[in-house]
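Single-structure report; data block below.
When a ligand or atom number is given, it counts from 1 through the structure's own listing order.
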Amino acid sequence: MMVQRWNKKRAHFPLIVFLFGLFILSSILYNELSIRQIHQNPDHDDGHRYQDSITSTTMKLPSRPNRVPEVLDRFTTCNSTVKYSGRKGWWADSKPGPDRRRGTSERCDMFSGKWVFDNTSYPLYNESHCPYMSDQLACHKHGRSDLGYQYWRWQPHYCNLKRWNVNEMWEKLRGKRLMFVGDSLNRGQWISMVCLLQSVIPADKRSMSPNAPLTIFRAEEYNATIEFLWAPLLVESNSDDPVNHRLDERIMRPDSVLKHASQWEHADILVFNTYLWWRQGPVKLLWSTEENRVCEELDGLGAMELAMEAWANWVATKANPLKKIFFVTMSPTHLWSREWKPGSEGNCYDEKTPIDDESYWGSGSDLPTMHMVEKVVGRLGSKVTVLNITQLSEYRKDGHPSIYRKFWEALGPKQLSNPASYSDCIHWCLPGVPDVWNELLFHFL
Ligand SMILES: *[C@@H]1O[C@H](CO)[C@@H](O)[C@H](O)[C@H]1NC(C)=O
Ligand SMILES: *[C@@H]1O[C@H](CO)[C@@H](O)[C@H](O)[C@H]1NC(C)=O
Ligand SMILES: *[C@@H]1O[C@H](CO)[C@@H](O)[C@H](O)[C@H]1NC(C)=O
Ligand SMILES: *[C@@H]1O[C@H](CO)[C@@H](O)[C@H](O)[C@H]1NC(C)=O
Ligand SMILES: *[C@@H]1O[C@H](CO)[C@@H](O)[C@H](O)[C@H]1NC(C)=O
């Protein structure tokens, strides 16, 4: 429908929205891990645990809503929708913590630097040797023949990134749970981490649980797990099923992370992200105290701020100080080649080298969102380490799957004759850019 307009003179806004939505949808809607397994594993248990946890906390804190709100799922609907009232989470009255600034102790900025071609130490693993590789990200397997994207090392300007060391990483993880929490970009980073680490574990000493909201990779001899929790909006929402969810009509509880926190609170190392799901138009808010399913509607940025504040409140008041908590900033997209090559009309398709211009910043990386994140995370001081991967990933227009991935919907001849029209310029090939995000995680761990 809209896709065939790609080759017309001007880019059409609906096309962009459609493309953007298509890839998030297609990648997230369908999962490379067996969909059938999910149906065999109904998450009723999680619901019960969540209800228990919500009930016990409400008793202790009378200022919270004292009615147990129903759990949102993909069938949840709003009875009616009104404009956002300006309401904040119940914790908004409590005094904010000291606004301690982070990381000035370090002279160098690990996130400012350049990509250096290095085909002796990269890639850090072989795509076809990782049994947990995703068909969305295995670009070589799906026909990409230019493999340059696998050979780049990140070189900070005034210092060096700690050298990746599999055994040292496993020692850091011994007896621990490392959990990634977020959307499909974070899932890509999780798969990268599993692929980086799995090769040294004998096949009979490792396992992967079936795909579910919480997916777990286990390494027996280290008594360690590397987990991924699907929570694209961080707070509870109607999109918390990793396979069946609603991108078009997102409903969230701006005042509740409990459903997810009941899963992530047991992890020792937490890596959060959230961004793209807030870039799809307004979001509906269903407060926990609302009894008639009257939703409020708010723009994505405002809604993301409410969600980030709910998350930050959990970090500030509930997180064990021994936990290591990371927040990964927005992952850039490369949907419009005119941004790095004025006058052109493509996207990331057929891009084979990184961008050299160190000041490059694409319009998909929303600055007001970045400032909001900086403000919210800044208040948490040293409790959270920011993995500021945005700028360094901006340069990597060559790193996306484009057409070299599995697509879940059949492609028609119109699309096939115009590869840019169905290119995925949002996710990242593996081995590739997310491996470097994990090297940064290793560096700061
Ligand atoms: C690395 O790249 C250089 C320059 O492109 C090439 O000459 C060399 O054969 C490559 N080495 C390996 C191991 O791929
Ligand atoms: C990955 O492994 C396959 C099979 O063992 C091998 O053919 C291929 O050359 C390897 N690729 C890289 C980039 O080393
Ligand atoms: C394995 O790790 C868990 C924490 O993740 C800990 O509770 C348990 O005692 C550990 N087991 C052994 C045998 O070390
Ligand atoms: C939706 O609104 C109607 C009319 O106000 C009310 O009777 C009904 O209970 C509401 N539904 C829910 C689930 O709150
Ligand atoms: C991340 O780095 C950019 C510069 O590349 C900066 O503008 C932004 O504020 C940083 N974000 C956070 C959350 O620290």
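Scanning K375, E394, M370, E374 for the heavy atom closest to atom 9 (O) of ligand 5 points to E374.
Expressed to the nearest 0.5 Å, how far CD of Q198 lies from NE2 of H129 amounts to 10.0 Å.
From the protein, the heavy atom lying nearest to atom 4 (C) of ligand 3 is G175 O, 3.5 Å. Remark: minimum distance from atom 6 (C) of ligand 2 to any protein heavy atom is reached at N126 ND2, 4.1 Å. Regarding atom 11 (N) of ligand 3, its nearest protein heavy-atom neighbour is N223 ND2, 2.8 Å.
Under a 4.0 Å N-O distance rule, the pair R144/D146 qualifies as a salt bridge.
Defined by atom type and a distance below 3.5 Å, a donor-acceptor pair is present between the side-chain atoms of T274 and W278.
Which parts of ligand 5 touch N388 is read off a 4.0 Å heavy-atom cut-off, strictly below it: atoms 1 (C), 2 (O), 3 (C), 8 (C), 10 (C), 11 (N), 12 (C), 14 (O). Interface atoms of ligand 5 facing Q391, defined by a heavy-atom separation under 4.0 Å, are 5 (O). Every atom of ligand 2 with a heavy atom of S128 under 4.0 Å away is listed here by number and element: 1 (C), 2 (O), 3 (C).
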Apply ring pair (Phe, Tyr, Trp, His ring centres under 6.0 Å) to F444 and F326, showing your working.
-> CA-CA 9 Å; F444 288 104; F326 294 88; 7.4 Å; no
Working for ring pair (Phe, Tyr, Trp, His ring centres under 6.0 Å), residues W115 and Y395 | CA-CA 8 Å; W115 291 95; Y395 305 138; 7.9 Å; no
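Under the 4.0 angstrom criterion, atom 14 (O) of ligand 3 counts as having a protein heavy-atom contact.
The shortest N or O to N or O distance between H129 and ligand 2 is under 3.5 Å.
K406 NZ: 12 or fewer foreign heavy atoms inside a 6.0 Å radius.
A pairwise comparison of heavy atoms in Y349 and A420 identifies CB-CA, 4.2 Å as the closest pair.
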